[in-house]
Amino acid sequence: MSEPCFQMVVRQVFHLTGRPVVVAGAAEPVGLRSGDLVDVLRDGDVAATTRAFVEVHSPPGVVALVLPDVAPSDVEPGVVIRRA
């Protein structure tokens with residue numbers, strides 16, 4: 001049996017100058033662990049690939065991910081994040 005594939009549609013983007021981008025959206029963190037590679041998909045194309053770090057203090061049903069190597073211009077609400 002294959003491991004479930006994590007996928008999330010970004011609802012919110014948080015960025016402070018000098019800090020990594022943080023995104024949040026509705027999803028279950030099934031099949032995703034901190035440090036796993038994820039793809040940032042814009043219009044179906046991979047805009048970036050990076051390691052994601054799961055924010056554990058998110059409310060149930062909401063996943064927040066720290067994306068340290070992603071430019072703020074690569075993410076916006078509606079972008080899809082999936083496990084690479």
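In what follows, residues are counted from 1 in the order of the sequence shown.
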Does Asp36 reach the side chain of Phe6, with side-chain heavy atoms less than 4.5 Å apart?
no
Which hydrophobic side chains are connected to Leu37, either touching it within the sub-4.5 Å cutoff or through other members that do?
none
Under 3.5 Å, which donor-acceptor pairs link side chains of residues 7-22 to any protein atom two or more places apart or in another chain?
none

Going by salt bridge (charged side-chain N to carboxylate O under 4.0 Å, His left out), name the pairs with one or both residues in residues 59-81, residues two or more places apart or in two chains.
Arg42-Glu76
When the side chains of residues 44-54 are checked against the rest of the protein, which donor-acceptor pairs come out under 3.5 Å, sequence neighbours left out?
| from | atom 1 | to | atom 2 | distance (Å) |
| --- | --- | --- | --- | --- |
| Thr49 | OG1 | Asp39 | OD1 | 2.7 |
| Arg51 | NH1 | Gly35 | O | 2.8 |

